[in-house]
Protein chains: 2
Amino acid sequence: MDTTDYDLENLPPDLSYEDFLQMLLPLRDSLDILGGKWKLQIIFSLKFGRKRFKEIQREIPGITSKMLSKELKDLEMNDLATRYVHNTAPITVEYELSEYGKTLKSVVIELYKWGSAHRKHITSK
Amino acid sequence: MDTTDYDLENLPPDLSYEDFLQMLLPLRDSLDILGGKWKLQIIFSLKFGRKRFKEIQREIPGITSKMLSKELKDLEMNDLATRYVHNTAPITVEYELSEYGKTLKSVVIELYKWGSAHRKHITSK
DNA sequence: CGGCATCCGGCGGGATACTG
DNA sequence: CAGTATCCCGCCGGATGCCG
């Protein structure tokens, strides 16, 4: 696989278009993981500790079980959240943000900072 | 308007859901501006200087004039790109990344860094 | 050349019902 | 309770054509 790391400040001038698209992949990964209607809300919900499926759903008005289930599976696939199944009757499942998931913090903060400054920039004209 | 800035590290525990959604808005702004199929490619294309409409389109295989036009208008609305119209026949139009647009750099780099590390994290399991 | 108008297909995602 | 299955609608975005 291709593990080339690019220095975004100084991209090689002879970068082929294919390599350019390769370079965009990690960027898209980040955007996909945080993008969409529900991802951020779920991630923030899990930031405050281990939660049951229904708890999360209650905290996020409007989300259907289908969407929540799909998004959680997504987070789990990306190793960002961990799923705990308990042999109770009826079954209960808990989710928590993984240690690795917490590495998202810096990106999220950066996005927030820029977005926040941007709102001011835009409304000041 | 609401210009409250939140400290994402220490969110007030009594944060109402409405305030929480408010807090997400800047994050969504950032994600919307960089997300989508073409935004990054266009931004990177403009990073290398002032370009004509057709030039950009040639550099981005597959993009239709409709999409390019829409995305550029979007960037312009957000003050990220500047449009220059020349009274030639036929008309020519140039675009360039605004000075303000360059402030995106830190966010983009952060997204790239995390996404890049994430690819390694995921493929190493 | 730089766009806008129109038509249209795919799909993200909502509503609802059902199951282990 | 924690999902899955089905149906369905809106809309993003592609294709094509036209216009100043």
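Residue numbering restarts at 1 for every chain, and letters A, B, ... go by the order of the sequence lines.
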- Item | Atom CG of B/D14: over 12 foreign heavy atoms under 6.0 Å | yes
- Message: Taking 4.0 Å as the cut-off, does a side-chain nitrogen or oxygen of B/S69 come that near to OP1 or OP2 on C/dC4?
- Response: yes
- Roughly, in whole Å, what's the span from CE in B/M67 to P in C/dG2? 18 Å
- Query: Taking CD from B/E94 and P from C/dG2, how many angstroms apart are they, rounded to a whole number?
  - Reply: 9 Å
- Between A/L72 (CG) and D/dG3 (C1'), how many Å, whole number? 11 Å
- Note on the structure: Between the CD1 atom in B/I56 and the CZ atom in B/F44, the distance rounded to the nearest 0.5 Å is 15.0 Å
- Considering only heavy side-chain atoms of B/V93, the closest of D/dC1, D/dG20, C/dG3 is C/dG3
- A/Q57 has an atom CD; how far is it from atom C1' of D/dG3, in whole Å? 10 Å
- Task: Check the distance between C/dG20's P and A/N87's CG and give it to me in whole angstrom.
- Result: 18 Å
- Could you state the atom-to-atom distance from CG of B/D32 to P of D/dG13 in whole Å? 11 Å
- OP1 or OP2 of D/dA2 sitting under 4.0 Å from any side-chain N/O of A/R52? yes
- To the side chain of B/F53, which of D/dC1, C/dG3, D/dA2 is closest? C/dG3
- Item | Mutual orientation of the aromatic rings belonging to A/Y17 and A/F20 [parallel < 30°, tilted 30-60°, perpendicular > 60°] | tilted
- A/H86 has an atom NE2; how far is it from atom C1' of C/dG20, in whole Å? 18 Å
- Salt-bridge test for B/E55 and B/R58: reply yes if a basic N is under 4.0 Å from a carboxylate O, no otherwise. no
- Of the candidate nucleotides C/dC7, D/dG20, D/dC1, which contains the atom at the shortest distance from the side chain of B/K66? C/dC7
- Task: Would you please confirm or rule out a distance under 4.0 Å between OP1 or OP2 of C/dG14 and any side-chain N or O of A/K37?
- Result: yes
- Message: Nearest to the B/K73 side chain among D/dG14, C/dC4, C/dC1, which nucleotide is it?
- Response: C/dC4
- Task: Report yes if a side-chain nitrogen or oxygen of B/Y95 is closer than 4.0 Å to either non-bridging phosphate oxygen (OP1 or OP2) of C/dC1; otherwise report no.
- Result: no
- Residue of the set A/R50, A/R83, A/K54 for which salt bridge (Lys or Arg N to Asp or Glu O under 4.0 Å) holds with A/E94: A/R50
- Message: What's A/S65 touching, base or sugar-phosphate or nothing? Going by heavy atoms closer than 4.0 Å.
- Response: base
- Query: How do A/P90 and A/T64 order along DNA chain C: which one's closest nucleotide is nearer the 5' end?
  - Reply: A/T64
- To the nearest angstrom, how far is A/R58 atom CZ from D/dG3 atom P? 14 Å
- Task: Tell me which nucleotide among C/dG14, C/dG3, D/dG14 gets nearest to the side chain of B/R83.
- Result: C/dG3
- Message: Check the phosphate of D/dG14 against B/W38, side-chain N and O only, distance under 4.0 Å to OP1 or OP2. Yes or no?
- Response: yes
